[in-house]
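Keep in mind that the numbers below use all heavy atoms, side chains included, and drop hydrogens, waters and symmetry copies.
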There are 2 protein chains.
Amino acid sequence: MVQQRAVEPDDTPPRARPRLSRPAIAEAALKLIDDGGMPALTMRRLGQALGVEAMSLYEYVANKDEILEDILGSLFNEVELPDQNDRPWEELACELFCAFRCMLLAHPHAVTLVASRAVQPLEALAPIEMSLGIFRRAGFGRQGAVDAHRVLQSFTIGYLLAETSVLNDPTAVPNSWGTAAYALRELPADTLPHLSELAQVAIDRVADEQFPALLMVIISGLRTELRPEPGTASPT
Amino acid sequence: MVQQRAVEPDDTPPRARPRLSRPAIAEAALKLIDDGGMPALTMRRLGQALGVEAMSLYEYVANKDEILEDILGSLFNEVELPDQNDRPWEELACELFCAFRCMLLAHPHAVTLVASRAVQPLEALAPIEMSLGIFRRAGFGRQGAVDAHRVLQSFTIGYLLAETSVLNDPTAVPNSWGTAAYALRELPADTLPHLSELAQVAIDRVADEQFPALLMVIISGLRTELRPEPGTASPT
DNA sequence: ACCTGAACACCGTTCAAGT
DNA sequence: ACCTGAACACCGTTCAAGT
């Protein structure tokens, strides 16, 4: 091999080194979202946060959408995947989706982002892969594993949306749960008897206890409805 | 009672009758969303659709947010509540949330709207009231009923988001399910074995069959985990 | 290769003015 | 009471120009 080093001496013209990078941009963008919600993420403000004119960002990124994709990838990487030391699949599944919720509670304003995006970047698929693996190893069939994952994933996203949507609401009170606002309004007891009766209960329930409890309710259904007889070899 | 009629003769000055109304505005706004997605709903375009300047809308509505609230109310009223002729609660619950999904499938671009809003207007609460009533009559306790409703509601919203989110994706293929795009990409089988194996299964599953099936899985879990012993009087 | 600044086609909303 | 038109403070993105 011909050594091609030192073709350029050390005193090369100070070729412009990038002050930015896609990961740095994504990080700053996520910080903007965390601090001020989705509307705070603006190309102009993002440039400002990075000490650069907004239009310079287009050197690194085709459009705003690509930045959102990068954020998505880094978010899913924050999920702390549980260890797989042959514990029961019920426990593993519960822990995995609790970890997913935990990650999003650290970025509550990004919940709508992960909820509304169809396709995640490749780096974001590790949690999904793990979820499918848990069910396959537990003996679920191909379709059973897909179904099981879909129930828990859909529920988790829906729950997180309800839990955090009060943040996106202009008329929000500094309480968790959107339903809190119901109790503060006059609910007509004649037309909405159950809602009036249960509004307070709905507020009092602490999400950190309710969420894993509800996960286990679903997992119980998965065990009795979707899982083949224990002892049977998993169908392929 | 003194008759106060005919104080004004018929030839009153043609006092400007409103050409618009809040319901008419909400209806036109929903149509814009249905046709072109959430970004298509713009005060200027909405005015144009109603044959009026954008700023005239502010005679009827304080801001764009109020229009979104009105849309929310009319959407929930479209849900066809099932008849309550003493059928098993499992059946009623399944039908109610299927009806909810059915309504939103008629307005797929509005899914993100109902998903991200914390507080619904009063007219929108009938389906929630019915859901709570179903569980209470089935013998669920106060907290059990709230929990049961929350699982099914969260799951339904999360499922609908996944089902329709491909519509909001710029890189979408005209297939249902966001996961479709996974299969069209190269999935590395070494790092994501389960996902590669199951991507096709995930696409083939027809949502209209999968959704009620998954509802019944959850309902099965509700029956075994949340419901008190049958025959017990419902605790208040 | 990297960054800038003016410009374009949009937003939601305010405000003074018309009838 | 209802509607208009100009204006303000924003958007994302393009494009020609600088180094």
Give a yes or no on whether the backbone of Leu214(B) and the side-chain of Arg150(A) come within a donor-acceptor separation of less than 3.5 Å. no
Examine distances only and state if a side-chain atom of Glu129(A) and a backbone atom of Leu195(B) form a donor-acceptor pair shorter than 3.5 Å. yes
Round to a whole Å and report the spacing from CD of Glu66(A) to P of dT13(D). 10 Å
Quick one, Leu132(B) and Leu192(A) - any side-chain contact, counting heavy atoms below 4.5 Å? no
Could you state the atom-to-atom distance from CG of Leu41(A) to P of dC10(D) in whole Å? 16 Å
Is it the case that the base of dC2(D) and the side chain of Glu59(B) share a donor-acceptor contact (distance under 3.5 Å, atom types as modelled)? no
Contact check, side chains of Leu215(B) and Phe155(B), non-hydrogen atoms, under 4.5 Å: yes
Do Glu66(B) and Ile25(B) make a side-chain contact, defined as non-hydrogen atoms from C-beta onward lying under 4.5 Å apart? no
If I take atom CG in residue Leu57(B) and atom C1' in nucleotide dC2(D), what distance separates them, rounded to the nearest angstrom? 12 Å
Determine yes or no for a side-chain-to-main-chain donor-acceptor pair under 3.5 angstrom, with Thr156(B) supplying the side chain and Leu152(B) the backbone. yes
Working to the nearest 0.5 angstrom, can you tell me the gap between Thr164(A) OG1 and His107(A) NE2? 13.0 Å
Rounded distance (nearest 0.5 Å) linking atom CD1 of Ile128(B) with atom CZ of Phe100(B): 8.0 Å
Any luck finding a side-chain donor-acceptor pair between Asp147(A) and Gln143(A) under 3.5 Å? no
Separation of Tyr60(B) atom OH from dA1(D) atom P, in whole Å? 12 Å
Please check if the side chain of Ser74(B) supplies one atom and the backbone of Ile71(B) the other of a donor-acceptor pair under 3.5 Å. yes
Nucleic acid contacts of residues 24-35 of chain B, taken as heavy-atom distances under 4.0 Å to DNA chain C: none
So if I define the base as every atom that isn't primed, P, OP1 or OP2, how would nucleotides 14-19 of chain C read as a B/S/- string at a heavy-atom cutoff under 4.0 Å? B-----
Looking at Ser56(B), does any N or O in its side chain come under 4.0 Å of the phosphate oxygens OP1/OP2 on dT4(D)? yes
Where at least one partner belongs to residues 94-110 of chain B, residue pairs that pass salt bridge (charged side-chain N to carboxylate O under 4.0 Å, His left out), sequence neighbours excluded: Arg87(B)-Glu95(B), Arg101(B)-Glu163(B), Arg101(B)-Asp208(B)
Taking atom P of dC11(C) as reference, at what distance in whole Å does atom CE of Met38(B) sit? 14 Å
Is Asp70(A) reaching over with its side chain to a backbone N or O of Gly73(A), donor-acceptor style, under 3.5 angstrom? no
Send over the distance from Leu68(B) CG to dG12(C) P, rounded to a whole Å. 10 Å
Do any pairs count as a salt bridge (charged side-chain N to carboxylate O under 4.0 Å, His left out) and have a residue in residues 36-63 of chain B, sequence neighbours left out, and if so which ones? none
Take atom NZ of Lys64(A) and atom C1' of dC11(C), then tell me their distance rounded to the nearest Å. 12 Å
Got a sec? Which of residues 42-52 of chain B come in under 4.0 Å of DNA chain D, heavy atoms? Arg44(B), Val52(B)
Helical stems, DNA chain D - three or more consecutive Watson-Crick or G-U wobble pairs below 3.5 Å: C:4-8 with D:12-16, C:12-16 with D:4-8
Note: Glu69(A)-Arg117(A) ion pair, threshold 4.0 Å (strictly below): no
